[in-house]
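Data block below; observations after.
Nothing here was measured: the structure is a model prediction, and the numbers come from that model.
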Amino acid sequence: MAIDEKDLGEVITDLKGAFEDFKKSNDKELDAIKAEKAKQVEVTDKLNEKLGDLDTLKAELEKELKQAKRPGAPSGGDVEAHKTGFLQFLRKGNDDGLADLQKKAIQIGVDADGGYAVPEELDRTILQLLHDESPMRKVCNQITVSTSDYKKLVSLGGAGSGWVGETAARPETGTPTLKQIMATMGEIYANPQATQTSLDDVFFNVETWLQDEVAREFAEKEGLAFLLGDGINKPKGILDNPFEATDDKTRPFGTIQQLSSGTAGTFNGDNLIDLIYSIKAGYRQNAVFMMTNLTQSKARKLKDNEGNYLWQPGLQAGRPSTLLSYGIEENNDMPEAEADANAILFGDFKRGYTIVDRMGTRILRDPFTNKPYVGFYTTKRVGGMLTDSSAFKVLALKA
């Protein structure tokens, strides 16, 4: 079914109406006497769920409209020949001349363990699908490297300065402290299966099928690693770094500041305001909240002292819903709002965390292991690194 601006406009209208109904019902719940409260809570929860569904639907429609308008990428003769040969390899297992085509198109050969590099256009599409599927890729910085690892120097400050007169001596100042950080890399794999019969069917789009299967598997695994990974054969995630309650001036680099809600398992509007203003102004400009859908449903019920809701729906195309005027990235890999959980992240993710993709996705075709299915063992090296621990703050729901 084709998606157009009319469909999006109808969803925005429904979203606005649902928010008004939700506010009225939630206000009644707060004012209801105890005998009526249980019934009102049920009504409010249903409206809250509907509000979340409409908000998600609006975001998905905007994404589909954007993809429909995306122009195709041009390709040269060598690249097109490589792609044609690669698709023939996927369908029939015929790799005659594919190695030479690969060298001409992307200047790399075949690894000793076999397999072929996915053509650049397909690989780019897989990365785009990963971006669409993964909450972490939507908000974090991403780079692509041609080497097996990635290192970066960061300045920890310490460069001295001072005021001097026109002819006064210029004494030596302090030297800035530099620290080398390195991405923790891992190899992620997927092994989607298709029957040879389906591959022989000219109406079976093997390219799209493989893109979707690989992107979904990769997005689930790597998204979890970018957030919670322990750094062993996988990226080290944001929440696997150490936490301290101290501020940016005294906290060591690589340690994230943790604020406490004061009450186990829950939070209020003041906690969110404290979280926002614990970050320096330069980071707040591009900062967003990250939390699960259920935690966001709790945040929708919060009001300020004047009775205004802290959560506001995005009632225009391209404008997301906000919490205290900041965007919300829903990520269900985040811990739920339970006692002692680090349930809410806030910060500038692009400055704080970098996703490192090793150039090239590789595929090994396996028609033997699981007959009558043909397996496509797909591998890719990817890593992650905390680049600025002051760019994030985390709210722990504890006393």
Just do the side chain to side chain contact (heavy atoms under 4.5 Å, CB included) check on Lys301 and Lys298 with the steps written out, would you? CA-CA 6 Å; Lys301 296 182 177 182; Lys298 295 178 183 293; over 6 Å; no
Stepwise, does the side chain to side chain donor-acceptor pair (under 3.5 Å) test hold for Thr292 with Glu336? CA-CA 6 Å; Thr292 69; Glu336 293 290 0; 2.7 Å; yes
For Asn293 and Asn332: C-alpha separation, side-chain torsions, deciding distance, then whether side chain to side chain contact (heavy atoms under 4.5 Å, CB included) applies. CA-CA 7 Å; Asn293 182 47; Asn332 288 320; 3.7 Å; yes
Check the pair Ile363 / Leu210 against side chain to side chain contact (heavy atoms under 4.5 Å, CB included), numbers first and verdict last. CA-CA 10 Å; Ile363 290 182; Leu210 191 60; 3.2 Å; yes
After noting the C-alpha distance and the side-chain angles of Leu227 and Met136, does the key distance pass the side chain to side chain contact (heavy atoms under 4.5 Å, CB included) rule? CA-CA 8 Å; Leu227 187 66; Met136 295 297 289; 4.3 Å; yes
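Thr354 contributes no side-chain N or O that, together with a main-chain N or O of Asn141, makes up a donor-acceptor pair within less than 3.5 Å. The backbone N or O of Gly254 sits less than 3.5 Å from a side-chain atom of Ser389, completing a donor-acceptor pair. Asp348 places no side-chain N or O within donor-acceptor distance of the main-chain N or O of Ala391, the cut-off being under 3.5 Å. Proximity of a side-chain donor or acceptor of Arg358 to a complementary backbone N or O of Ser146 within less than 3.5 Å is detected. Although no hydrogens or angles enter the test, the distance criterion places a donor-acceptor pair under 3.5 Å between the side chain of Arg91 and the main chain of Asp201. Counting only distance, with no hydrogens or angles, the side chain of Thr387 and the backbone of Gly352 share a donor-acceptor pair below 3.5 Å. Arg251 places a side-chain N or O within donor-acceptor distance of the main-chain N or O of Thr246, the cut-off being under 3.5 Å. Without hydrogens or angle criteria, Ser25 side chain to Asp21 main chain gives no donor-acceptor distance under 3.5 Å. Looking only at distances, a side-chain donor or acceptor of Ser198 sits under 3.5 Å from a matching main-chain atom of Thr195. In this structure a side-chain-to-backbone donor-acceptor pair under 3.5 Å is missing from Thr266 to Thr263.
In this structure, the side chains of Tyr277 and Arg284 come closer than 4.5 Å at one or more pairs of heavy atoms. Ile276 has its side chain within reach of Phe346: a pair of non-hydrogen atoms, C-beta onward, lies under 4.5 Å apart. A 4.5 Å side-chain heavy-atom check between Gln258 and Lys398 finds at least one atom pair inside the cut-off. Arg362 places none of its side-chain heavy atoms less than 4.5 Å from the side chain of Thr378. Put simply, the side chain of Pro313 reaches to within 4.5 Å of the side chain of Trp311, judged on heavy atoms. Side-chain contact between Ile256 and Pro242 is absent, with no heavy-atom pair separated by less than 4.5 Å. Residues Thr250 and Glu244 form no side-chain contact, since every pair of their non-hydrogen atoms from C-beta on lies 4.5 Å or further apart. Annotation: side chain of Val374 is not in contact with side chain of Gln193 (no heavy-atom distance under 4.5 Å).
The shortest non-hydrogen separation linking Glu338 to Leu397 is O-CB, 3.6 Å. Between Ala299 and Phe267, the shortest heavy-atom distance links the atoms N-CZ, 4.0 Å. When all heavy atoms are compared, the tightest approach of Leu130 to Ala219 is CD2-N, 3.5 Å. Listed here is the closest heavy atom pair of Phe22 and Arg300: CE2-O, 3.5 Å. The two residues Ser297 and Asn48 make their nearest non-hydrogen contact at O-ND2, 2.9 Å. The two residues Ala396 and Asn342 have their closest heavy-atom pair at CB-OD1, 3.4 Å.
More than 12 non-hydrogen atoms from other residues, nucleotides or ligands lie less than 6.0 angstrom from CG of Asp247. Heavy atoms of other residues, nucleotides or ligands lying less than 6.0 angstrom from CG of Asp248 number more than 12. Counted within 6.0 Å of NZ on Lys350, heavy atoms from surrounding residues, nucleotides or ligands total more than 12; the atom is thus considered enclosed. Within a 6.0 Å sphere centred on OH of Tyr373, heavy atoms belonging to other residues, nucleotides or ligands number 12 at most.
Met385 contributes atom CE, which lies 10.5 Å from atom NZ of Lys151 (distance to the nearest 0.5 angstrom). Atom-to-atom distance recorded for Ser321:OG and Glu330:CD is 10.5 Å, nearest 0.5 angstrom. Remark: Gln296 CD to Met290 CE distance equals 12.0 Å, nearest 0.5 Å. If you take CG on Asp388 and OH on Tyr283, they are separated by 3.5 Å, rounding to the nearest 0.5 Å. Summarising the geometry, atom CG belonging to Leu90 is positioned 8.0 Å from atom CG belonging to Leu199; distances are rounded to the nearest 0.5 Å. Between Phe218 atom CZ and Tyr189 atom OH the span is 10.5 Å, to the nearest 0.5 Å.
Linking ILVMFWY side-chain heavy atoms closer than 4.5 Å, directly or via other members, places Leu272 and Leu294 in two distinct hydrophobic clusters. Hydrophobic clustering, with ILVMFWY side chains joined whenever heavy atoms are under 4.5 angstrom apart, keeps Met359 apart from Val382. By the rule that hydrophobic residues join a cluster once side-chain heavy atoms approach within less than 4.5 Å of another member, Ile238 and Phe243 end up as members of one cluster. Both Leu310 and Phe289 are assigned to one and the same hydrophobic cluster, defined by single-linkage of ILVMFWY side chains at heavy-atom distances under 4.5 Å. No chain of hydrophobic side-chain contacts below 4.5 Å, direct or via other Ile, Leu, Val, Met, Phe, Trp or Tyr residues, connects Val356 to Met182.
Taking a cutoff of 4.0 Å between a charged side-chain nitrogen and a carboxylate oxygen, Asp366 and Lys371 do not qualify as a salt bridge. Between Lys303 and Asp27, at least one side-chain nitrogen of the basic residue sits less than 4.0 Å from a carboxylate oxygen of the acidic one, meeting the salt-bridge criterion. Using a cut-off of 4.0 Å between Lys/Arg side-chain N and Asp/Glu carboxylate O, Arg137 and Asp357 are scored as salt-bridged. The pair Lys46-Glu49 does not count as a salt bridge, with every side-chain nitrogen at least 4.0 angstrom from each carboxylate oxygen. Look at Lys234 and Asp240 and you find no salt bridge, because none of the NZ, NE, NH1 or NH2 atoms lies under 4.0 Å from a carboxylate O.
Between Trp209 and Phe376, the gap from one ring centroid to the other is short of 6.0 Å.
Inspection of the Thr322 and Ser325 side chains reveals no N or O donor paired with an N or O acceptor under 3.5 Å. Inspection of the Tyr309 and Asp304 side chains reveals no N or O donor paired with an N or O acceptor under 3.5 Å.
Partner of Met334 under the side chain to side chain contact (heavy atoms under 4.5 Å, CB included) criterion, chosen from Leu228, Thr295, Leu239: Leu239.
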